[in-house]
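Order of appearance sets the numbers: ligands from 1, and atoms from 1 within every ligand.
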Amino acid sequence: MAASPWLFLLCLAAAGVVLQARAQPDSKGFISIDCGLSGETGYVDDTTKLFFLPDKGFIDAGTNHNISAEYVTPTMGKSWYNLRSFAGAGAGTRNCYTLRSLVSGLKYIVRAKFKYGNYDGLDLLPVFDLYIGVNYWHPVNISGPSAAMFVEAIVVVPDDFVQVCLVDTGAGTPFISGLDLRPLKRTLYPEVTVAQGLTLMNRLNLGQTNESFIVRYPDDPHDRLWFPYVDTVTWAEISTPQKVETIDTDRYEAPSAVLRTAVMPRNVSGDIELTWPSEPTPMDPSPGYVIILHFAELEVLRRNALRELTIVLNDQPWYPFGIKPAYLYDIPAYKGSPFRYTQFNLSVKTTSNATLPPIINAAEIFTVFPTTNLGTNSQDVSAITTIKAKYRVSKNWMGDPCAPKAMAWDRLTCSYGAIGSRPRITGINLSSSGLNGDISSSFTNLTEIQYLDLSNNNLIGSIPDTLSRLPLLTVLDLSGNQLNGSIPSGLLKRIQDGSLDLRYGNNPNLCTHGNSCEPHAKKKSKLALYVAVPAVLLVVIVLVTILLICLLKQNKQGSMDNSITLKNETIMSNSTVNNVGSDSSLRRLESRRFTYKELEMITNNFQQVLGKGGFGYVYNGFLEDGTQVAVKLRSHSSNQGVKEFLAEDGEYMALVYEYMSEGTLQEHIEGTNRNGACLPWTH
Ligand SMILES: *[C@@H]1O[C@H](CO)[C@@H](O)[C@H](O)[C@H]1NC(C)=O
Ligand SMILES: *[C@@H]1O[C@H](CO)[C@@H](O)[C@H](O)[C@H]1NC(C)=O
Ligand SMILES: *[C@@H]1O[C@H](CO)[C@@H](O)[C@H](O)[C@H]1NC(C)=O
Ligand SMILES: *[C@@H]1O[C@H](CO)[C@@H](O)[C@H](O)[C@H]1NC(C)=O
Ligand SMILES: *[C@@H]1O[C@H](CO)[C@@H](O)[C@H](O)[C@H]1NC(C)=O
Ligand SMILES: *[C@@H]1O[C@H](CO)[C@@H](O)[C@H](O)[C@H]1NC(C)=O
Ligand SMILES: *[C@@H]1O[C@H](CO)[C@@H](O)[C@H](O)[C@H]1NC(C)=O
Ligand SMILES: *[C@@H]1O[C@H](CO)[C@@H](O)[C@H](O)[C@H]1NC(C)=O
Ligand SMILES: *[C@@H]1O[C@H](CO)[C@@H](O)[C@H](O)[C@H]1NC(C)=O
């Protein structure tokens with residue numbers, strides 16, 4: 001075994017039928033992607049009858065290229081003709097394919113294929129890294145322009161999707177020609193766990209003499225690729241036309257087409273030797289090797305004949321006993337823990353009692369790689385992915401949002417927590433990022449978010465009240481947008497209890513205390529309460545007293561009801577402008593409307609009564625910006641009564657006054673124009 005183990009020439013026949021593509025596993029759970037294929041349709045591969053999809057639905061970065069004509073050969077499979085590369089501005093250091101609709105916790109084969117073919121005319125063979133999800137997988141070192149290379153792994157997929165990422169290491173432009181995904185039964189390859197994956201170094205169909213005969217699907221239902229290998233100088237081949245079976249508990253399920261051929265040493269007393277050097281990677285200078293050898297007897301043995309063999313690795317025996325291959329049944333030999341050597345000298349020897357030379361039918365050689373890094377919490381991932389798509393955020397938003405830490409998305413803040421816990425998104429700063437459209441409801445699904453800065457974009461529509469449900473949100477900056485509507489009640493409450501710093505300035509259409517709003521179209525269902533600013537600010541006691549006086553005066557002129565049930569806009573318009581004069585902040589309050597729910601928020605459910613008069617109660621409250629106010633409500637026996645009344649009626653029946661600061665108390669008492677103060681109530 002001389003050649004670099006994971007480098008093979010693949011000769012897939014050209015393809016025929018063209019069908020409509022879907023970015024989904026097929027009925028067998030297979031996904032076969034022809035990277036860089038132009039157009040929307042895929043095709044059925046002639047050899048395997050598998051359907052190859054274009055890669056559009058799996059990645060949103062990179063550009064399509066065709067390999068140079070000089071590297072196109074007649075026997076070359078169609079999927080090698082084109083590729084996707086990730087060059088230049090706009091391509092981040094990490095670019096990922098996302099394979100969806102998988103079964104979380106299941107084992108999958110993931111196979112990435114590469115053929116450079118001087119597609120860019122630069123004749124520069126790139127070196128780059130591959131990641132599976134958030135775990136470093138393997139380097140890709142393109143050895144020649146015509147080399148068809150692949151990197152294959154078996155991993156447990158922890159989510160219902162898996163990402164395959166190409167990472168630019170500054171040694172050439174990453175590209176990819178194809179990507180395959182195949183599901184495996186859970187019982188297969190027990191070395192593969194949630195914490196450890198296998199990378200294929202070689203998978204040998206020993207005794208297959210046809211150098212272009214690769215066993216794969218449908219002969220191998222898992223579509224593993226078994227490469228022919230014979231050392232014709234020292235080995236003799238044997239084969240059988242019969243089916244070679246695996247037993248039910250077999251954990252490797254080598255296909256019959258592979259097991260049907262085997263090699264034995266030409267020298268009856270000789271050994272079968274497989275040797276290879278360890279291949280260190282930048283991440284693992286001494287990778288652990290997992291070796292699986294398959295033995296099946298292919299000959300009917302004469303009486304008294306014995307085939308019995310032992311396996312020796314670097315002069316260490318694997319087993320204390322000999323293996324007697326069973327006729328037409330596979331016996332796989334394997335070791336639980338990986339070997340870490342710099343050189344591997346593997347011998348299959350005959351035992352002293354045996355009368356026949358040893359045989360071997362197949363071999364699989366893997367290195368292990370850790371898959372202990374965990375991707376971001378999946379609800380966070382799906383929310384931020386929706387947000388990314390909605391606003392077409394480019395930046396480096398590829399792969400997992402938070403992991404690995406060094407590749408976390410720009411403008412995100414993540415928490416990493418304890419080992420074994422998934423990272424969470426705790427902050428997003430998309431300020432000045434050219435966001436258009438409304439505020440995505442998916443922000444509400446980022447349940448650990450602490451700050452959200454969407455300032456200085458072009459966001460329109462209203463502010464979703466669901467944001468108030470984010471328990472850890474302390475800063476919400478929506479300033480500098482085109483938002484409209486009013487601050488929703490849930491957020492008002494959060495402002496009021498001091499748990500949220502909401503910034504919403506510079507939204508010209510937003511209905512706030514500092515900003516007048518268009519009157520709502522008269523809708524019976526939408527209750528509107530009028531906000532009033534009295535001509536002069538009053539301490540509540542003064543206010544109540546004066547109001548009582550005024551109302552008493554009024555009472556003599558008309559019915560109680562008339563004086564308190566305040567009808568729409570007519571009430572405020574004159575009085576405030578006249579009396580508040582130059583105080584613009586007060587004037588702006590003039591036409592603000594509140595819903596009953598908002599009043600509930602402002603007064604914290606009408607908790608603190610400041611005073612009571614014949615007209616009803618006056619409650620303490622706070623506006624969203626912290627302004628203290630007095631809310632005077634029409635008299636009713638209970639809040640519930642008020643609510644019912646309002647729901648039916650729709651008349652204005654509460655007034656909201658700014659609560660006077662102590663510093664100006666005296667001034668106001670002295671300067672109060674009683675008529676002015678009463679004006680709002682006398683209409
Ligand atoms: C690659 O070749 C195909 C078929 O000749 C052609 O349709 C496609 O446009 C080419 N793609 C590029 C990126 O040149
Ligand atoms: C890539 O492979 C070539 C040839 O085998 C070797 O010389 C080179 O050091 C490798 N590059 C990296 C970055 O591993
Ligand atoms: C070798 O295998 C290839 C691919 O399966 C096949 O097309 C060819 O006919 C085979 N050659 C022989 C001599 O069997
Ligand atoms: C056969 O193998 C034995 C043991 O390895 C060796 O001594 C002998 O020389 C070999 N014979 C030939 C013909 O290679
Ligand atoms: C493997 O075999 C080679 C050649 O036979 C030998 O030089 C080397 O020392 C052996 N290595 C080990 C680890 O046994
Ligand atoms: C060889 O056979 C003898 C007699 O059957 C037995 O006692 C011995 O253990 C066997 N040796 C091996 C290595 O299997
Ligand atoms: C968001 O980023 C801008 C500058 O990029 C910075 O001024 C602002 O303070 C950041 N917001 C938060 C909440 O950290
Ligand atoms: C929020 O998450 C839930 C549960 O994961 C999901 O059903 C819902 O569609 C998500 N909503 C948004 C707006 O992303
Ligand atoms: C707010 O803006 C959205 C989008 O521009 C618009 O559809 C909606 O009618 C506006 N709502 C109000 C109350 O102005």
4.0 Å protein heavy-atom contact status of atom 14 (O) of ligand 7, strictly under: yes

Min side-chain heavy-atom separation Tyr131-Asn135 under 4.5 Å: no

Would you verify that at least one protein heavy atom lies under 4.0 Å from atom 11 (N) of ligand 2, or report that none does? yes

Measure the distance from atom 2 (O) of ligand 2 to every protein heavy atom, then report the residue, atom name and distance (to 0.1 Å) of the closest one. Asn141 ND2, 2.1 Å

Under 4.0 Å between a side-chain nitrogen and a carboxylate oxygen: does that hold for Asp60 and Lys388? yes

Residue, atom name and distance, where the atom is the protein heavy atom closest to atom 6 (C) of ligand 7: Asn429 ND2, 4.0 Å

Which atoms from ligand 9 have a heavy atom of Asn484 less than 4.0 Å away? 1 (C), 2 (O), 3 (C), 8 (C), 10 (C), 11 (N), 12 (C), 14 (O)

Proximal ligand 2 atoms for Val127, defined as those under 4.0 Å from one of its heavy atoms: 13 (C)

Check: Asp123 main-chain N/O paired with Tyr116 side-chain donor or acceptor under 3.5 Å: yes

Before accepting this row, confirm whether a basic side-chain N of the pair Arg224/Glu152 lies closer than 4.0 Å to the acidic partner's carboxylate O. no

Do Lys390 and Asp438 meet the salt-bridge criterion of a basic N to acidic O distance under 4.0 Å? yes

Strictly by modelled atom types, are Asn457 and Asn436 linked by a side-chain donor-acceptor pair under 3.5 Å? no

Tightest non-hydrogen contact, residues Asn481 and Ser455, listed as ND2-CA, 4.0 Å

Heavy-atom protein neighbour under 4.0 angstrom from atom 4 (C) of ligand 7: no

Can you confirm, on distance only, whether ligand 7 has an N/O atom lying under 3.5 Å from any N/O atom belonging to Asp453? yes

Which of the atoms in ligand 7, numbered in the order shown and given with their element, are less than 4.0 Å from a heavy-atom of Tyr451? 13 (C)

